[in-house]
*Asks:* 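Before I ask anything, here is the structure I am working with.
Only this structure's heavy atoms are used, side chains among them; waters, hydrogens and symmetry mates stay out.
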Amino acid sequence: MTRRLPPPLPTPRGPLSAAVRAALLGAPAPQNVPDSPAYGDDLQLALYTLYELHYRGFRDVPDTLEWDSALLACRATLEDRFLRALREDVPTTGTTATTALDELQLEPTADPDGTSVSFFLRDEGTLDQLREYAALRSLYHLKEADPHAWVIPRLHGRAKAGMVAVEFDEFGAGRPDEIHAQLFADLMTDLKLETAYGHYVDASPAEALATVNMMTLFGLHRALRGALVGHFAAVEVTSSPGSRRLAEALRRVGAGPAAVRFYTEHVEADAVHEQVVRQDVVAGLLESEPELDADVAFGVRATTYLEERLAARLLGAWRQGATALRGP
């Protein structure tokens, strides 16, 4: 996995992302942020670009811009639009964290409504569709566990201990070759994909960018720590059965052992992680801060909402014999 060089800046998709790119290359940061749909390509790419300053940064962009006040003000405006849209579109009134998590466990034995990417890929997905899926998921999996680590100093007691235990596994339990981001890079190599961090940003639609942006939004803000725990719990609860189907899909199309291994590793690990997250991280957090229950539920349901938007994009394209990517 190529991790040493920062990626190049992505190609703008509208006036907002163009203004952000220009600001990172030396122009003044936009004072009046252009209006743009909350889930659209322009806003999501602009937000993704600003968020990446807190991860790897970009080639030819000074590291000092990470905390530039004008860029932070611009980012805050975009975050407000994104978060406001999520709160409007994700109902949580009267929903507890326990209820939201229990809903995720009501998984059908088949996919009667045809809305599950993992069922589709297992049953009829092609090798090219699995490669597209891996390319889009690389925006998350090549930084897997990183955004969740921001919540660690904001937890304490049982919640912190449980969170660190799961993160320890995600980061390879002390073995660099077992870091889950490295295992995903191995999967990409097996599928003959480019493993450089951020390589597939320009090919990724807004629906894919939004799933990654939401994690960073929750992670960077202490006030949203409950939502980040909810997102983390939703990922761990749904990971094991979905990973099993994706492993079966890769075996069916003849993918190599490294590709299959990434998902078989998650079948085993995340079945254990689910229990730790529910019994220690979520329960421990709500035991000490019960007022965050609604925030945890929001994080769970917001995760489902954005994943369903991405699934609609992928399946809508694939069922028409088209690519789900923005380019080749």
Side-chain angles (χ1 to χ4, degrees), residues 1-7 51-57 66 134 136-190 193 195-200 211-222 224-225 227-240 242-243 246-247 257-282 284-285 299 303:
M1 176 173 52
T2 303
R3 296 286 294 185
R4 295 181 180 177
L5 288 177
Y51 278 155
E52 281 301 308
L53 297 177
H54 299 289
Y55 292 104
R56 295 290 313 284
E66 179 183 4
L136 294 180
R137 284 302 193 190
S138 70
L139 300 188
Y140 164 60
H141 282 304
L142 292 184
K143 63 161 63 82
E144 186 171 356
D146 291 349
H148 295 133
W150 277 318
V151 83
I152 293 173
R154 295 159 183 171
L155 302 176
H156 58 88
R158 184 154 55 106
K160 174 174 281 192
M163 190 76 191
V164 171
V166 176
E167 288 282 88
F168 182 64
D169 285 347
E170 301 284 352
F171 287 123
R175 295 181 55 188
D177 58 323
E178 295 293 320
I179 293 174
H180 284 191
Q182 179 60 54
L183 295 181
F184 194 79
D186 296 341
L187 172 150
M188 296 179 76
T189 298
D190 222 340
L193 295 170
T195 63
Y197 181 91
H199 179 80
Y200 292 102
T211 63
V212 180
N213 284 341
M214 180 180 66
M215 287 191 300
T216 309
L217 169 64
F218 292 167
L220 285 174
H221 294 272
R222 183 179 179 276
L224 295 172
R225 62 195 181 280
L228 184 65
V229 166
H231 175 275
F232 186 63
V235 169
E236 297 299 332
V237 167
T238 58
S239 175
S240 186
S243 293
L246 291 169
V260 174
R261 189 196 171 205
F262 175 81
Y263 287 110
T264 55
E265 170 72 15
H266 281 70
V267 171
E268 299 170 6
D270 291 345
V272 176
H273 292 172
E274 174 189 346
Q275 299 305 314
V276 176
V277 170
R278 288 196 65 146
Q279 296 172 18
D280 292 326
V281 181
V282 173
L285 173 66
T303 301

*Asks:* Distance from N213 atom CG to T211 atom OG1, nearest 0.5 Å?
*Replies:* 8.0 Å
*Asks:* If every non-hydrogen atom of S138 is compared with every non-hydrogen atom of Y200, which pair is closest and at what distance?
*Replies:* OG-CD1, 3.9 Å
*Asks:* Looking at residues at least two apart in the chain, or sitting in another chain, which of them share a salt bridge (charged side-chain N to carboxylate O under 4.0 Å, His left out) with R154?
*Replies:*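 Salt bridge (charged side-chain N to carboxylate O under 4.0 Å, His left out) check on R154 returns nothing, list empty.
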*Asks:* List the residues meeting side chain to side chain donor-acceptor pair (under 3.5 Å) with H199, not counting sequence neighbours, and say none if there are none.
*Replies:*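 By the side chain to side chain donor-acceptor pair (under 3.5 Å) rule, H199 matches no residue at all.
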*Asks:* Main chain of R261, side chain of T264: is a donor-acceptor contact present, judged purely on distance under 3.5 Å?
*Replies:*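 Yes, the answer is positive, given that a donor and an acceptor are paired below the 3.5 Å cut-off.
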*Asks:* Taking all atoms of both residues into account, what is the closest heavy-atom pair of E144 and F171, and its distance?
*Replies:*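 E144 and F171 have their closest heavy atoms at O-CE2, 4.0 Å.
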*Asks:* Dump the intermediate steps for ring-ring contact (aromatic ring centres under 6.0 Å, His included) on H266 and H273, then the final yes or no.
*Replies:* CA-CA 10 Å; H266 281 70; H273 292 172; 8.3 Å; no
*Asks:* Contact between V282 and V229 at the side-chain level, heavy atoms closer than 4.5 Å - yes or no?
*Replies:*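 Yes - at least one pair of side-chain heavy atoms lies under 4.5 Å apart.
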*Asks:* Applying side-chain contact (heavy atoms from CB on, under 4.5 Å) to L142 and M188, what does each step give before you reach the verdict?
*Replies:* CA-CA 10 Å; L142 292 184; M188 296 179 76; 4.2 Å; yes
*Asks:* Who passes side chain to side chain donor-acceptor pair (under 3.5 Å) against Y140, sequence neighbours left out?
*Replies:*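 With neighbours one apart ignored, the set is empty.
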*Asks:* For a quick test of reading the model, state the closest non-hydrogen atom pair linking P7 to R56 and the distance between them.
*Replies:*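 Residues P7 and R56, closest heavy atoms: CD-CB, 4.3 Å.
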*Asks:* Under 6.0 Å between ring centres: does that hold for F262 and H141?
*Replies:*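 F262 vs H141: aromatic centres under 6.0 Å.
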*Asks:* Please name all residues satisfying side chain to side chain donor-acceptor pair (under 3.5 Å) with T216, sequence neighbours left out, ordered by chain then number.
*Replies:* Y55
*Asks:* Could you give the distance from NE2 (H231) to CE (M215), rounded to the nearest 0.5 Å?
*Replies:*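 Taking NE2 in H231 and CE in M215, the distance rounds to 5.0 Å.
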*Asks:* Rounded to the nearest 0.5 Å, what separates atom CD in E170 from atom CG in D146?
*Replies:* 10.5 Å
*Asks:* When rounded to the nearest 0.5 angstrom, what distance separates CG in L183 from CD in E178?
*Replies:* 5.5 Å
*Asks:* Using atom types as modelled and distance alone, determine if a side-chain donor or acceptor of R222 lies under 3.5 Å from a backbone N or O of V151.
*Replies:* no
*Asks:* So E274 and T238, side-chain contact (heavy atoms from CB on, under 4.5 Å) or not? Walk me through it.
*Replies:* CA-CA 9 Å; E274 174 189 346; T238 58; over 6 Å; no
*Asks:* So, using side chain to side chain contact (heavy atoms under 4.5 Å, CB included) as the criterion, who are the partners of H54 when residues are at least two apart?
*Replies:* E66, W67, R75, W150, L220
*Asks:* Sequence neighbours excluded, which residues qualify as ring pair (Phe, Tyr, Trp, His ring centres under 6.0 Å) partners of F232?
*Replies:* H148
*Asks:* Are the side chain of T189 and the backbone of A185 linked by a donor-acceptor contact shorter than 3.5 Å?
*Replies:*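 Between the backbone of A185 and the side chain of T189 there is a qualifying donor-acceptor contact (under 3.5 Å).
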*Asks:* Would you please name every residue forming a side chain to side chain contact (heavy atoms under 4.5 Å, CB included) with A149, sequence neighbours left out?
*Replies:*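 A149 satisfies side chain to side chain contact (heavy atoms under 4.5 Å, CB included) with I152, E167 once adjacent residues are dropped.
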*Asks:* Could you go step by step and tell me if L155 and L285 meet the side-chain contact (heavy atoms from CB on, under 4.5 Å) rule?
*Replies:* CA-CA 7 Å; L155 302 176; L285 173 66; 3.8 Å; yes
*Asks:* As a quick check of understanding, evaluate side-chain contact (heavy atoms from CB on, under 4.5 Å) for L5 and Y197, giving each step before the final call.
*Replies:* CA-CA 9 Å; L5 288 177; Y197 181 91; over 6 Å; no
*Asks:* Test of understanding: with salt bridge (charged side-chain N to carboxylate O under 4.0 Å, His left out), list the residues that count as partners of D280, not counting sequence neighbours.
*Replies:*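 Only R158 meet the salt bridge (charged side-chain N to carboxylate O under 4.0 Å, His left out) criterion with D280.
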*Asks:* List the residues meeting side chain to side chain contact (heavy atoms under 4.5 Å, CB included) with A259, not counting sequence neighbours, and say none if there are none.
*Replies:*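 With neighbours one apart ignored, the set is L187, D190, L191, L250, A255.
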*Asks:* Can you tell me how far the OG atom of S240 sits from the OH atom of Y263, to the nearest 0.5 Å?
*Replies:*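 So the OG of S240 and the OH of Y263 are separated by 13.5 Å.
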*Asks:* For P6 and G57, work out which heavy atoms get closest and say how close.
*Replies:* CB-O, 3.9 Å
